[in-house]
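Everything quoted here is computed from the prediction, not taken from an experiment.
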Amino acid sequence: MAESASLPRQAMLWRRSDGRYYTCSFQQNLFGEWVIIRRWGTIHSRRGRTMATLCQSYEDGLEELAAIAKRRKQRGYQAIEEGRGQDYS
């Protein structure tokens, strides 16, 4: 856990022209496990959703983030911000 604690967290934000948004953050929880936290909804409403997915390892989480980014692009979302070590939530 000590070596993975120094790895940076990942965060991404996508928007679509119809006002929908989707965010992902990849971080460790209090138990040292890697988690992807997804949030989505519409800009004009507070009725969004959140889902947390536990990852087996840091590398598995990065692969899942790449798959999420590919799906967002296929569904018409445009990447707004992408960062290492930043929190966009």
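- Contact of the Met12 side chain with the Leu65 side chain is registered, since non-hydrogen atoms from C-beta on lie closer than 4.5 Å.
- Applying the salt bridge (charged side-chain N to carboxylate O under 4.0 Å, His left out) criterion to Arg75, with sequence neighbours excluded, gives no partner residue.
- Between Cys24 and Trp14, the closest heavy-atom pair is SG-CZ3, 4.0 Å.
- Between the CD atom of Gln78 and the CZ atom of Arg72 there is a distance of 14.0 Å, given to the nearest 0.5 Å.
- Using a 4.0 Å cut-off between charged side-chain N and carboxylate O, Lys70 and Glu63 make no salt bridge.
- When all heavy atoms of Gln28 and Gly32 are compared, the closest pair comes out as NE2-O, 3.0 Å.
- Nearest heavy atom pair, residue Tyr21 against residue Arg15, reads CB-CG, 4.2 Å.
- Applying the salt bridge (charged side-chain N to carboxylate O under 4.0 Å, His left out) test to Arg16 and every residue at least two apart in sequence or in another chain returns Asp18.
- Interatomic distance, Arg20 CZ to Ile43 CD1, rounded to the nearest 0.5 Å: 10.5 Å.
- Here the shortest heavy-atom pairing between Gly61 and Cys55 reads CA-SG, 3.6 Å.
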Test side chain to side chain contact (heavy atoms under 4.5 Å, CB included) applied to Ile68 and Arg38, step by step: CA-CA 10 Å; Ile68 291 169; Arg38 308 172 201 203; 3.6 Å; yes
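- Ring-plane geometry between Tyr22 and Tyr77 is classed as perpendicular, the angle between the planes exceeding 60 degrees on a 0 to 90 degree scale with a lower cut at 30.
- Closest approach of Phe26 and Ile36 over heavy atoms only: CD1-CG1, 3.6 Å.
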Trace of the side chain to side chain contact (heavy atoms under 4.5 Å, CB included) decision for Tyr58 with Gln10: CA-CA 11 Å; Tyr58 182 78; Gln10 303 279 330; 3.8 Å; yes
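- For Gln56, the CD atom is loosely surrounded, since the number of other residues' heavy atoms within 6.0 Å does not exceed 12.
- Note: Ile37 CD1 to Gln27 CD = 4.0 Å, rounded to the nearest 0.5 Å.
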